[in-house]
Amino acid sequence: RKEVEQDPGPFNVPEGATVAFNCTYSNSASQSFFWYRQDCRKEPKLLMSVYSSGNEDGRFTAQLNRASQYISLLIRDSKLSDSATYLCVVNLRSNDYKLSFGAGTTVTVRA
Amino acid sequence: GAVVSQHPSWVICKSGTSVKIECRSLDFQATTMFWYRQFPKQSLMLMATSNEGSKATYEQGVEKDKFLINHASLTLSTLTVTSAHPEDSSFYICSARHPNGLDGQYFGPGTRLLVL
């Protein structure tokens, strides 16, 4: 079983729509959670950390459900510029800083 | 925000040659850097953890004699792909952990390696 699993999509949505997707992780002792964004042929860029109480950053909302071991990302009022692959990233252990990446969820926002 | 650079951004080489990739943290000191590899449509796979002043820690299945890592200063880590073969063609990305304690990492722009 993979340490981090994501629905690869693609999610194809019109501008202004809301899109949401989840990611599951296998290690219940995982410590830190992040969403990264990766554009085609580019490096990942940190979108937001995910906190236990859930958090928002503008149009982006992240949630963590430790009991079910999943995190989610919701994008409101989608923009064309939101088209990208969103990577779910988990720090599995507290004694190192190694990150495990999901394969990514592709979102395409169309005009 | 923190900036990490990589050089070169892409390289094409013949099979059997060695390729050196540099990763630099430009505005902070990084005691720990990470090297990843990403094949098309796949997730980033951690290859090794590079620690300043000590030996790198390699992930299972990554040959340390094939992928030489040197982290000689707090702002520079290098990855050398020795005797590269076509199956080593990939997108190599480094990242650095910021000393401010955040768990997130800052990624370099990546190096595309094509071995002919």
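- Using a 4.5 Å cut-off between heavy atoms, A/Q38 touches chain B through its side chain atoms alone.
- With ring centers used as reference points, A/F34 lies 6.0 Å or more from A/Y25.
- With a threshold of 4.5 angstrom between heavy atoms, B/Q6 does not approach chain A through any atom at all.
- Using a 3.5 Å distance cut-off with no hydrogens or angles, the side chains of B/E52 and B/Q29 do not pair a donor with an acceptor.
- Taking the six-membered ring wherever Trp is involved, the centroid distance between the rings of B/Y36 and B/F91 does not fall below 6.0 Å.
- At a 4.5 Å heavy-atom cutoff, the contact between B/L46 and chain A is made by side-chain atoms alone.
- In this structure, A/Y36 has its ring center at least 6.0 angstrom away from the ring center of A/Y86.
- Heavy-atom distances place no part of B/T32 under 4.5 Å from chain A, backbone and side chain included.
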